[in-house]
Amino acid sequence: MTGWTRDEMMTIAAARMLWDGCVCFVGIGLPSAACNLARLTYAPDIVLIYESGTIGTRPDVLPLSIGDGELAETAACVVPLPEIFSYYLQGGRVDVGFLGAAQIDRFGNLNSTVIGPYDAPHTRLPGAGGAPEIAAHARQTFVVMKASPRSFVSKLDFYTSAGFLGGGSAREATSARGGGPKAVVTDFGILTPAEDSRELTLTALFPDTTVEAARAAVGWQLALADELEILDPPTPNELATLRALNERTSEAHRRPVELPA
Amino acid sequence: MTGWTRDEMMTIAAARMLWDGCVCFVGIGLPSAACNLARLTYAPDIVLIYESGTIGTRPDVLPLSIGDGELAETAACVVPLPEIFSYYLQGGRVDVGFLGAAQIDRFGNLNSTVIGPYDAPHTRLPGAGGAPEIAAHARQTFVVMKASPRSFVSKLDFYTSAGFLGGGSAREATSARGGGPKAVVTDFGILTPAEDSRELTLTALFPDTTVEAARAAVGWQLALADELEILDPPTPNELATLRALNERTSEAHRRPVELPA
Amino acid sequence: MEHLSLRQAVERFVPSGARVALEGFTHLIPFAAGHEIIRQQRRDLHLIRMTPDLIYDQMIGMGCAARLTFSWGGNPGVGSLHRLRDAVEHGWPRPLELDEHSHAGMAAAYCAGAARLPFGVLRGYVGADLVTVNPAIRSITCPYTGEELATVPAINPDVTILHAQRADRKGNVAIHGIVGAQREAALAATALVVTVEEIVDELPPAMNSVVLPHWLVSAVVHCPGGAYPSYAQGCYARDNSFYQQWDAIARDRASFTEWMERHVLARPDHKSFLASLGEAA
Amino acid sequence: MEHLSLRQAVERFVPSGARVALEGFTHLIPFAAGHEIIRQQRRDLHLIRMTPDLIYDQMIGMGCAARLTFSWGGNPGVGSLHRLRDAVEHGWPRPLELDEHSHAGMAAAYCAGAARLPFGVLRGYVGADLVTVNPAIRSITCPYTGEELATVPAINPDVTILHAQRADRKGNVAIHGIVGAQREAALAATALVVTVEEIVDELPPAMNSVVLPHWLVSAVVHCPGGAYPSYAQGCYARDNSFYQQWDAIARDRASFTEWMERHVLARPDHKSFLASLGEAA
């Protein structure tokens, strides 16, 4: 097994930020892959919560939707959705929330609602879902997004979910109780908020790319950390586990459904 | 089987006010006996809800507490207690609520909190429990209380649960959505609120008593309805069913409990 | 509670202009009921669902809806709901008014509806522009701490339609698996219609499992496969492959319309819809 | 999550002065834990329970409590809680401050606590004097309809103690039967201690049944019979006869004190307490 894709490296980089026993509010797609990769490698007792109400779930294949039957079958328990948001997320019981979006700004604010004006959209996106309250209440959030100047923008078209708002202590003045974005995992490396300004700063690069490529992918003047970490490439075990998971998953999603007669 | 007690007649009179399919919020003691008697006689599809969270329960013996295991085992389902009060009672899903109290006034307001001042009580009673919101939200309430001038009083020591408050349209001005007391079953007969004044009025007498006895049992000048109904005595079937239920119940409550070794 | 056919239930409980919630979070989405609403050409509906999913994409694309209350409008794990987008971006086949929330906000609104409170409270919408585009999202001051908290108005549909695994003859409905906001949507509604995989003489003892008692239920409809291409835990799996194929079908107005005509409008009922998919393969 | 003895758990999680909720509505009342708190002579506790029941009657009578948050203080189906009454009416063995609610109000307060909202809202306390004697019951105006609704401040105990049928080795706790406000009290608390009838290697698949995940649980204590004379569905029944006998025991200060000394204080643990009841018979 040689070589790896940027998608794989993003997933693996995100998985490495998790720790055993941490309680994750998992979104669909790459976050779900990252969380389950962590569970299948170095964080066997990670607790995965999907907003569908499945708590402590251990799926063998990745769900396509946030509420596939596999999640319920392997869960410690299944609770009504309102409880997930009130008792668990707002209740301060979630260590890590994963977020993605169509746009992010330099303070980690996210847009997943609309490109163009809300009332006359150029592109209508799916919308908020769980994001605004994951962003507010999870003790920390990890954002996972492929970078381009169209997605990493200096001004969002719409503020769906709060990062550090205008930066500095702006977030502390709100009723958000969670710590905000801890890291943004892109397809070139990792941005983390600077200590005082809270501006997203390049702190780690994937092993196969350059600062110049990172800067070209970001629509604002990207700040660099004093010490830039070069991330280790995927280990054979990480890669093998992730590929097997993806293989099981796409096989399962292709499987024909038997309806009752 | 000849003769019957006032307690039995009270229970039977209360049971007769129920109808098949009605949804009852049941309290412990006589209301529970009345509701289950109705279920075992002419209202087989009555729906009994106990505040412990047991919905559609069909106990073979009467519970001593509001949450005996028998209630859960025979229930259509068991839900968390907060849901009983918010989704079912406040949600307007209850046809009939049963209430008892230590004191009642002429407008059906109830005191189950304290005799004497709240801060220096002569007698501290158990308190409100579910009563204030049963009184407010059930489509109608039936009050069941033995009468004496100490319990049927002109002025309550404490307003625990609202009847018609000061009478007339006073109740309509509040946020109470239920209709208030429909009847008060005593150990001499039944009082019902007069149409306009809402003052409790003697409308039915047990077959073995008199208006004079009724008036002597009530601490205010008891109004009489124009037509006074004389209730039918218990039928053999009512009496036999109630006595068998009570017999099963006291036998069950005496049964020794086996603890796990 | 009555046992009705799906046609009867939609005729009776879903007039044009009604506020209708077809709930079920990914699981137990009442597709058959949505298709019957399309067949009966209901118009001006105010559709309510946390996740519109394919069923509302279809209803919106067929012109049933005037307004949508929702909190996430994508094809889960696949991408856009193209019919929803076309209605919002281009007003096709007709404009669609949005009443947009977050999941937490909409869940609070359903809970308030079920509890017959006029509003729900949450720590939510922090720094979020939804507050500026949706005037229904307001705030309130805590009478103890002075904190400002977000509020949402209660959701009380005229009719909620659910799909479930089974009901008994009396109309008690048992749900197994992911419940989403089904119970709250059911309890918040004026009328409740439930399509079920199976009708049994008696449900097993429920204890703490999820049951909607018969006296909350307006009508039960026997409709096997009624959640397809969503799923019914223990009966059939989610057809993830169909969800993926929907992207191409719905991307184009013509292919969408053709698919709907062929598989929904030309079919008298859900059984025939399911059979038509087999023919297509 | 740790596995502790009951003695250790009370030492660690129930200091004098703590706000303590022993929940369980008639079912699964954590008697063993209450007795251990009495043995360890905790004082100035703020006790929280919807229905104080016999366990708080005992704790109040033994002088553990300074304050009581509750909504119904009787011996169910029997009559008064005489020790509670004696504390309120005569300040014996010490005065007891009351924070008194209705069930609906207290349930809303637990829900708010679990959701980490500062207050709960209800249509409640209509025409009720509790509003005048409890300054914590306030009101709020609906930002949509202008209606006045009652509010209660959230309940957030320092520690909630529950009893349950079983836990697994990781500390996942499964509850079967009447749950009352156990889950809300658990989620509202800073620490959560659960005594259980049985510890198993692995719990059966839960799906929609009631489980408290291990990462919410501070400590699990193996304590068979720990709810007696309350009950554990599927394990043993409520000792209704004991509840009836308690009336006579608790009516008199001397007979109460003697009973508590003989059966609780003179016994090192719950097993010995249970054995002492057999000897008494």
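On a predicted model such as this, the values are computed, not experimentally measured, just so you know. Heavy atoms only: backbone and side chains are in, while hydrogens, waters and symmetry mates are out. Labels below follow one simple rule: chain letters A, B, ... track the order of the sequence lines, proteins then strands, and each chain is numbered from 1.
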Under 4.5 Å heavy-atom distance to chain B, tell me which part of [X] shows up: side chain, backbone, both or neither.
{"X": "D:Glu197", "result": "side chain"}
{"X": "D:Met106", "result": "neither"}
{"X": "D:His101", "result": "backbone"}
{"X": "D:Phe242", "result": "neither"}
{"X": "D:Tyr110", "result": "neither"}
{"X": "D:Leu81", "result": "neither"}
{"X": "D:Tyr125", "result": "both"}

With a 4.5 Å cut-off on heavy-atom pairs, point out which of [options] contacts chain B the most.
{"options": "D:His90, D:Glu184, D:Glu148", "answer": "D:Glu184"}
{"options": "D:Gln182, D:Arg183, D:Lys271, D:Gln244", "answer": "D:Gln244"}
{"options": "D:Tyr243, D:Tyr228, D:Phe70, D:Trp72", "answer": "D:Trp72"}

Checking the side chain of [X] only, and the main-chain atoms of [Y] only, is there a donor and an acceptor separated by less than 3.5 Å?
{"X": "D:Tyr231", "Y": "B:Gly69", "answer": "yes"}
{"X": "B:Gln90", "Y": "D:Arg123", "answer": "yes"}
{"X": "D:Asp129", "Y": "B:Tyr159", "answer": "yes"}

Between [options], which has the largest tally of heavy atom pairs under 4.5 Å with chain D?
{"options": "B:Val78, B:Leu64, B:Val257", "value": "B:Leu64"}
{"options": "B:Arg254, B:Glu83, B:Glu73", "value": "B:Glu73"}
{"options": "B:Ala162, B:Pro80, B:Ala136, B:Ser65", "value": "B:Ser65"}
{"options": "B:Glu70, B:Arg177, B:His137", "value": "B:Arg177"}

Measure [X] against the heavy atoms of chain D and call it side chain, backbone, both or neither at under 4.5 Å.
{"X": "B:Ile28", "answer": "side chain"}
{"X": "B:Arg171", "answer": "neither"}
{"X": "B:Ala176", "answer": "both"}

Donor + acceptor pair across side chains of D:His103, B:Glu133 (<3.5 Å): no
Contacts with chain D made by residues 104-131 of chain B (heavy-atom distance under 4.5 Å), listed by residue number: B:Thr113, B:Tyr118, B:Pro121, B:His122, B:Thr123, B:Arg124, B:Pro126, B:Gly127, B:Ala128, B:Gly129, B:Gly130
Looking at [X] and [Y], what are the two nearest heavy atoms and their distance?
{"X": "D:Ser102", "Y": "B:Pro132", "answer": "CB-CG, 3.8 Å"}
{"X": "D:Asn240", "Y": "B:Asp68", "answer": "ND2-OD2, 3.1 Å"}
{"X": "B:Phe158", "Y": "D:Leu130", "answer": "CZ-N, 3.6 Å"}
{"X": "B:Ser175", "Y": "D:Val126", "answer": "OG-CG2, 3.6 Å"}

Distance, nearest 0.5 Å, that separates OG1 of D:Thr51 from CD1 of B:Ile66: 10.5 Å
Pairwise distance SG(D:Cys111) to CZ(B:Phe85) - rounded to 0.5 angstrom: 11.5 Å
Passing candidate, side-chain contact (heavy atoms from CB on, under 4.5 Å) with B:Leu259, options D:Asp239, D:Leu274, D:Leu277: D:Leu274
Can you find a pair of side-chain heavy atoms, one from [X] and one from [Y], that are under 4.5 Å apart?
{"X": "D:His27", "Y": "B:Ser52", "value": "no"}
{"X": "B:His253", "Y": "D:Ser241", "value": "no"}
{"X": "D:Met50", "Y": "B:Leu81", "value": "yes"}

Within 6.0 angstrom of B:Glu258 CD, more than 12 heavy atoms from elsewhere: no
